[in-house]
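Residue numbers start from 1 in every chain, and the chains themselves are labelled A, B, ... in the order their sequence lines are given, proteins ahead of strands. These numbers were taken from a predicted model, which means no experiment stands behind them. Side chains included, hydrogens not; waters and symmetry mates left out as well; all remaining heavy atoms used.
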Protein chains: 2
Amino acid sequence: MFPNFINHLKKHVELNIDEIATLKDFVKIIEVRKKDFLLEEGKICRYNYFVEKGLLRMFFVNEKGVEQITQFALENWWMSDHMSLIMEKPSVFNIQAVENATIIAIAQSKQEQLFKQLPQLERYFRIMMQRAYAATQMRFKYFHDFSKEESYRQFISSFPDFTQRIPQYMLASYLGLTPEYLSELRKKA
Amino acid sequence: MFPNFINHLKKHVELNIDEIATLKDFVKIIEVRKKDFLLEEGKICRYNYFVEKGLLRMFFVNEKGVEQITQFALENWWMSDHMSLIMEKPSVFNIQAVENATIIAIAQSKQEQLFKQLPQLERYFRIMMQRAYAATQMRFKYFHDFSKEESYRQFISSFPDFTQRIPQYMLASYLGLTPEYLSELRKKA
DNA sequence: CGATTTTTTGAATCATATCAACGTACGTGG
DNA sequence: CCACGTACGTTGATATGATTCAAAAAATCG
């Protein structure tokens, strides 16, 4: 039904057949089409989203009206605005499908009950949050260390296949440079 | 003995007297003096550090030999290189005391046993990791949104007291600008 | 007080942004 | 399945935010 999701859970915690059945009562499957929104700026983010298939982006719109992408999520990644989720405050971000996608959503409102019934899930999310945080620590290092040009070259050599899945202007936005400058860098080498 | 640490735990999970006693077997108190290191580049990070009192910084050294600060931790914050901690790989970071500090350290090697004896701690760390991740999501937004000048002005107005505790060149390093430029901005307004 | 550390100054330079225009590709409806 | 319109990518000229370097001034510390 959603093999990536179940496999991902099983990779980190023990889950038997009955527990998987229980889990199904707590999740919602969402099919989104390219450009559909899962979260819009100003609304409270009430779900944590797992990408079973497809690709999501998180972005905000700056004062000049330009969309700035802060994260992508592809298969087997979680995405949410955790500040909005925890604080129950309106989000400054949007979450939108870049490709048609199959999403598993867990409602914040059901999380406590879920952890009570399946304590392994608390552990699973502890691991996921720690990983996500570890990844951002490295990302901050790159931000400090690399020029825009270096960021670009290291990104495309680290994720050549992912680079193919997104338009250039989205990569430019994610890396924090202009589409024009990215184009110039491409020409150069 | 370490009131901030215990109070912080109690704010998020239930802990009785016996459990606190148990916990004490799992933590190590470290007194560090200004400029002492808790982690050095190239070594594997084996602890998660809680700042009971004082101030820590995390930094790396770039190819030019310049120290780049990626994080600070003051009272009631945790600090660790989670990538190194999880993967048991050499760290690219250093963790150093900016002020004399009292640190509570939990060894990665004892973490599983700790969670088995005190399952609330797994929950506590799930919450801590989620908060830390939420904070970095906002920080990425600022990175994308603000010019260096705006980053500086928003930092000093958000954390006026913290600004007083660190030399300017450290703030410059954390914000990703040069001490010279920061000095220019200070003069300007 | 002297020595080290931190901050400031100013000039030259560079990486990257901006703007406007043109070229290309691509998906959607007829 | 073609054509048209919109979305995406490129180009070049100009502008600017921020860095670099070297040196002096100021602050801090033992």
Engineer: Base, sugar-phosphate, or nothing: which does A/K34 touch, judged by heavy atoms less than 4.0 Å apart?
Structural biologist: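 Since no nucleic acid heavy atom lies under 4.0 Å of A/K34, the category is nothing.
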Engineer: Please determine whether a side-chain nitrogen or oxygen atom of A/T178 lies at a distance below 4.0 Å from atom OP1 or OP2 of C/dT16.
Structural biologist: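 No, A/T178 has no side-chain N/O under 4.0 Å of OP1/OP2 on C/dT16.
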Engineer: Are the charged groups of A/E67 and A/R57 less than 4.0 angstrom apart, N to O?
Structural biologist: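 Yes.
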Engineer: In whole Å, what is the span from the CD atom of A/Q164 to the P atom of C/dC26?
Structural biologist: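 Between P of C/dC26 and CD of A/Q164: 12 Å.
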Engineer: Could you tell me whether the phosphate oxygens of D/dC8, OP1 or OP2, come under 4.0 Å of any side-chain nitrogen or oxygen in A/Y169?
Structural biologist: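 Checking A/Y169 against D/dC8: at least one side-chain N or O falls below 4.0 Å of OP1 or OP2.
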Engineer: Of the options C/dG10, D/dT10, C/dT18, whose atoms approach the side-chain atoms of B/K187 most closely?
Structural biologist: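 Nearest to the side-chain atoms of B/K187, counting from C-beta on, is C/dG10.
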Engineer: For B/L171 and C/dT7, give me the distance from atom CG to atom C1', rounded to whole Å.
Structural biologist: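 For the pair B/L171 CG and C/dT7 C1', the rounded distance is 13 Å.
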Engineer: Which nucleotide, C/dT16, D/dT19, D/dT11, lies nearest any side-chain atom of A/E180?
Structural biologist: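 The answer is D/dT11.
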Engineer: When you check the phosphate oxygens OP1 and OP2 of D/dG9, does a side-chain N or O of A/S183 lie under 4.0 Å from one of them?
Structural biologist: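 The answer is no; no side-chain N or O of A/S183 sits under 4.0 Å from OP1 or OP2.
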Engineer: What is the separation between atom NZ on A/K64 and atom C1' on C/dT18, rounded to the nearest whole Å?
Structural biologist: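 Going from NZ in A/K64 over to C1' in C/dT18 covers 9 Å.
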Engineer: When all nucleic acid strands are considered with a 4.0 Å heavy-atom cut-off, which category describes B/L182: base, sugar-phosphate, or nothing?
Structural biologist: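 Here B/L182 touches no strand at all.
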Engineer: Whole Å only: how far is the CD atom of B/E184 from the C1' atom of C/dT13?
Structural biologist: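 It works out to 14 Å between those atoms.
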Engineer: Does A/K141 come within less than 4.0 Å of B/E41, counting only side-chain N to carboxylate O?
Structural biologist: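 Answer for the salt bridge query: no.
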Engineer: Using modelled atom types only, decide if a donor and an acceptor are shared between the side chain of A/S84 and the backbone of A/K89 within a distance under 3.5 Å.
Structural biologist: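 Checking the backbone N and O of A/K89 against the side chain of A/S84, a donor-acceptor pair under 3.5 Å is found.
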Engineer: Output the single nucleotide from C/dA17, D/dC8, C/dT8 whose closest atom is nearest the side chain of A/P167.
Structural biologist: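 Among C/dA17, D/dC8, C/dT8, the one nearest the side chain of A/P167 is D/dC8.
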Engineer: Are A/K43 and A/E40 close enough for a salt bridge, meaning some N to O gap below 4.0 Å?
Structural biologist: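 Salt bridge between A/K43 and A/E40, a charged N being under 4.0 Å from a carboxylate O: yes.
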Engineer: Taking the side chain from A/Q120 and the backbone from A/E14, do they hold a donor-acceptor pair closer than 3.5 Å?
Structural biologist: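 It does hold such a pair.
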Engineer: Starting at CD of B/E150 and ending at C1' of D/dT16, how long is that distance when rounded to a whole Å?
Structural biologist: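 Nearest whole value for this atom pair: 14 Å.
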Engineer: Nearest whole angstrom, please: distance from the C1' of D/dG17 to the NZ of B/K148.
Structural biologist: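 One finds 9 Å between C1' of D/dG17 and NZ of B/K148, rounded.
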Engineer: How close or far is atom C1' of D/dA7 from atom CD of A/Q168, stated in whole angstroms?
Structural biologist: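 Interatomic distance, CD of A/Q168 to C1' of D/dA7: 13 Å.
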Engineer: When you get a sec, tell me which of D/dT19, D/dT10, C/dA17 is the closest nucleotide to the side chain of A/R186?
Structural biologist: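 That would be D/dT10.
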Engineer: Starting from C1' on D/dC8, measure out to OH on A/Y181 and report it in whole angstrom.
Structural biologist: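 Atom-to-atom, A/Y181 to D/dC8, this comes out as 21 Å.
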